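A quick note: this is a predicted structure, and the numbers were derived from the prediction, not measured.
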Amino acid sequence: MVHLKIIVDPDKCTACGECREACPKGGKIWTIQRGKPASPSNLEFCHQCMICASKCPEGAIRIIRDDNYEKKYEDEGNP
């Protein structure tokens, strides 16, 4: 089973809502509130298409598809 994490960098996210607009499941996954970073939830609805990350104008969204990938990513010196 593939584990999925969507990580939103609160220092980069401007809560513009592009992630929710681009996402095929939009409102089921993304909560946007003014002054707060976008918040993903209900990831069982996520198609893992990564459109949200590609459409984010601030580059604030990172998608991790499994625990092994996250460990490898961090081992390579990425934050």
Side-chain angles (χ1 to χ4, degrees):
M1 179 177 174
V2 175
H3 296 279
L4 174 71
K5 294 180 187 178
I6 299 177
I7 300 169
V8 178
D9 185 332
D11 295 327
K12 291 181 180 180
C13 179
T14 62
C16 68
E18 289 292 324
C19 52
R20 183 175 59 197
E21 292 300 316
C23 177
K25 294 295 182 176
K28 284 189 174 187
I29 295 175
W30 291 99
T31 301
I32 309 293
Q33 295 178 336
R34 187 178 303 185
K36 295 183 180 181
S39 177
S41 61
N42 303 316
L43 297 182
E44 67 271 14
F45 295 109
C46 181
H47 292 165
Q48 301 183 27
C49 63
M50 302 178 72
I51 292 173
C52 57
S54 69
K55 295 292 184 177
C56 178
E58 305 302 328
I61 300 171
R62 185 170 59 139
I63 297 175
I64 306 295
R65 289 189 179 186
D66 67 37
D67 295 333
N68 293 329
Y69 177 83
E70 183 175 30
K71 181 173 175 9
K72 181 178 182 235
Y73 188 81
E74 290 174 354
D75 287 347
E76 291 173 357
N78 295 298

Between side-chain atoms of residues 31-45 and protein atoms elsewhere (two or more places apart, or another chain), which donor-acceptor pairs fall under 3.5 Å?
from  : atom 1 : to    : atom 2 : distance (Å)
Gln33 : OE1    : Lys36 : NZ     : 3.4
Asn42 : ND2    : Lys28 : O      : 2.9

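- Residues Val8 and Leu4 share a hydrophobic cluster, clusters being chains of Ile/Leu/Val/Met/Phe/Trp/Tyr side chains in contact below 4.5 Å.
- Here the straight-line distance linking atom CD1 of Ile63 with atom OG of Ser54 works out to 8.5 Å at 0.5 Å rounding.
- The CZ atom of Arg20 sits 16.0 Å away from atom NZ of Lys25, with the distance rounded to the nearest 0.5 Å.
- Glu21 contributes atom CD, which lies 12.0 Å from atom NZ of Lys55 (distance to the nearest 0.5 angstrom).
- Summarising the geometry, atom CE belonging to Met50 is positioned 10.5 Å from atom CD1 belonging to Ile61; distances are rounded to the nearest 0.5 Å.
- The line from CD1 of Ile6 to SG of Cys23 is 7.5 Å long, rounded to the nearest 0.5 Å.
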